[in-house]
There are 2 protein chains.
Amino acid sequence: MPTPGTSDRILDAALASFATRGYEATSLDATAKSLDLTKQSILYWFPSKDALLEAVIARSARDLSEALETALRGAGEGWARVEAVVRSVFRLAARQPELLGLLREVGRLGPPAATQMTLALGPLVARATAFLEAEMDAGTMRRHDPGLLLLAIYSTVIGMVTEVEVLRALGEEPTARSLVRRRADVLQLLRSALLVEPAG
Amino acid sequence: MPTPGTSDRILDAALASFATRGYEATSLDATAKSLDLTKQSILYWFPSKDALLEAVIARSARDLSEALETALRGAGEGWARVEAVVRSVFRLAARQPELLGLLREVGRLGPPAATQMTLALGPLVARATAFLEAEMDAGTMRRHDPGLLLLAIYSTVIGMVTEVEVLRALGEEPTARSLVRRRADVLQLLRSALLVEPAG
DNA sequence: GTCGGCACTTACCAAATGGTAGACAGATTC
DNA sequence: GAATCTGTCTACCATTTGGTAAGTGCCGAC
């Protein structure tokens, strides 16, 4: 494993800052300083701050897709697939929380950033929608609008994983250990909500 | 109803901008211009941008609490209370979407803004937690960690109402009419998830 | 050994930002 | 009618922002 190149290190730092501080609150100067570089070096690799965001989104969308595709590859059928996806998101929350933070941030930023992310994750969304529809047709999951159902699942999982302040407000310290409990709770909740037979 | 005072107009404009563009992306100059004022007039009423945010949060938390308290006042028992709260949030989404947008934004900003909002909404949260616990004790709702359950409900409802870009990504145009459908879907979903008997 | 390009720097810059100081107009008070 | 207070404005200011221009050191090709 070679030393990561400068452009990758820049992407890492930018991702972290965009995901936590937010896009506007991230300054090129500060990001550069954290890497022992000057702002102009960043602008050498990425012609503008917008372009940097674009690159961060592109790489993150790819990483995100890969993580989920991998989880789906050996996943089984029906409910097991939902569980596999949720588990892989929680794994991401532990190992690369910035990826999920960026997702949140991009949704807030709106177009064109959101459009780019949307396009990049489109195939995954289409697959998920089709899956839910098939399950509902087969009668194994309760009937809902698939899009809205997906949004509900998305919001719940992302919320459980990124809403640090709300967690604190509810008396749940967002530690790594608590993440496991949150995962268990989400899975149980989704099972009750989705499955036709509240099976055990 | 007298003409709203300048300080109220400033709070309105600031709330709208904080909720949509975000705090950092909101400039005092732009906000002032939208009100046919100068930045210095804003700084006359609120000594700094931080203080303005604080005032916006204080007023919004009050409005939010009032709306929910009102909804709860004539709400009935058990599931009807959940339904009353959800309905009132969707009503807010139609009439004052900025209030919910601010909630999102404040969560992202972290302390001290988040702390202030948390404190202001604390009583409401405590009430909700106690309610859920009582229902679970009574056996009418499935047992979960009340805090996490509340977070799940919060995330789902707020997501349905503020995640405009995600909605679009899922092929749901965020119109006023679709809001009604979303509300129906959320209620149905929550009922399946929460109630012990999937009652009809 | 020098030529060319790569990675990065120093030196700037115009625009925008939050904030200060002080003046000005119009009421209100005495 | 003078003094005061309120709300707003004009005039500044220091800092920070994203971005440009012009080097500089270095390494491999020839």
Side-chain angles (χ1 to χ4, degrees), chain A residues 1-59 102 105-106 108-114 116, chain B residues 1-59 102 105-106 108-114 116:
Chain A
M1 193 187 304
T3 318
T6 302
S7 79
D8 280 318
R9 292 177 55 229
I10 294 173
L11 286 176
D12 290 341
L15 168 60
S17 187
F18 289 162
T20 58
R21 274 185 265 288
Y23 177 72
E24 295 95 349
T26 294
S27 92
L28 295 183
D29 275 307
T31 307
K33 186 144 48 172
S34 82
L35 293 168
D36 267 310
L37 287 176
T38 60
K39 165 176 57 182
Q40 285 68 21
S41 296
I42 295 186
L43 290 168
Y44 169 77
W45 291 100
F46 307 93
S48 71
K49 194 184 177 186
D50 277 347
L52 176 58
L53 174 61
E54 214 176 295
V56 167
I57 292 177
R59 198 190 63 169
L102 183 75
E105 172 72 359
V106 165
R108 182 187 74 93
L109 287 172
Q116 187 196 348
Chain B
M1 195 188 299
T3 318
T6 301
S7 79
D8 281 318
R9 291 177 56 227
I10 293 174
L11 286 176
D12 289 341
L15 169 60
S17 187
F18 290 161
T20 59
R21 275 185 262 289
Y23 177 71
E24 295 95 349
T26 294
S27 92
L28 295 183
D29 275 307
T31 308
K33 186 143 49 172
S34 83
L35 293 168
D36 267 310
L37 286 177
T38 62
K39 166 176 55 183
Q40 286 69 21
S41 294
I42 295 185
L43 290 168
Y44 169 77
W45 292 99
F46 307 93
S48 72
K49 196 185 176 186
D50 277 348
L52 175 58
L53 174 62
E54 212 175 295
V56 167
I57 293 178
R59 199 190 60 169
L102 183 75
E105 172 72 0
V106 165
R108 182 186 74 92
L109 287 172
Q116 186 197 347

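The figures that follow rest on heavy atoms only: side chains count, while hydrogens, waters and symmetry mates do not. Here the structure is a predicted model, which means the values were calculated and not measured.
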Just the rounded figure in Å: distance from C1' of C:dC8 to CG of A:L43.
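Those two atoms, CG and C1', are 12 Å apart.
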To the nearest angstrom, the NZ-P distance between B:K33 and D:dC9 comes to 13 Å
What is the bend of the helix from C:dG1-D:dC30 to C:dC30-D:dG1 when you compare the axis at one end with the axis at the other, using five pairs each and rounding to 10°?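 Computed from the C1' atoms at both ends, the axes differ by 10°.
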* Hey, does the side chain of B:T26 reach the backbone of B:G22 with a donor-acceptor pair shorter than 3.5 angstrom? -> yes
**OP:** Could you tell me which residues satisfy side chain to side chain donor-acceptor pair (under 3.5 Å) with A:T31, sequence neighbours excluded, listed by chain and number?
**Re:**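 Counting only residues at least two positions away or on another chain, A:T31 forms no side chain to side chain donor-acceptor pair (under 3.5 Å).
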Quiz item: Listed by chain and number, what are the side chain to side chain donor-acceptor pair (under 3.5 Å) partners of A:K39, not counting sequence neighbours?
Solution: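 Partners of A:K39 by the side chain to side chain donor-acceptor pair (under 3.5 Å) criterion, ordered by chain and then number, come out as A:D29.
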For a quick test of reading the model: is some side-chain N or O of [X] closer than 4.0 Å to OP1 or OP2 of [N]?
{"X": "A:Y44", "N": "C:dC8", "result": "no"}
{"X": "B:T6", "N": "D:dG7", "result": "no"}
{"X": "B:W45", "N": "D:dT6", "result": "no"}

Residues that A:R108 engages under salt bridge (Lys or Arg N to Asp or Glu O under 4.0 Å), provided they are two or more places apart: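 Once residues adjacent in sequence are excluded, the partners of A:R108 under the salt bridge (Lys or Arg N to Asp or Glu O under 4.0 Å) criterion are A:E24, A:E105, B:E105.
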If a pair satisfies side chain to side chain donor-acceptor pair (under 3.5 Å) and one of its residues is in residues 49-59 of chain B, list it, with sequence neighbours excluded.
->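 Of all non-adjacent pairs touching residues 49-59 of chain B, those that pass side chain to side chain donor-acceptor pair (under 3.5 Å) are B:D12-B:R59, B:Y23-B:D50.
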Show me the protein contacts with nucleotides 10-17 of chain D, counting only N or O atoms at under 3.5 Å.
unit_1	atom_1	unit_2	atom_2	d
D:dA11	N6	B:Q40	NE2	2.9

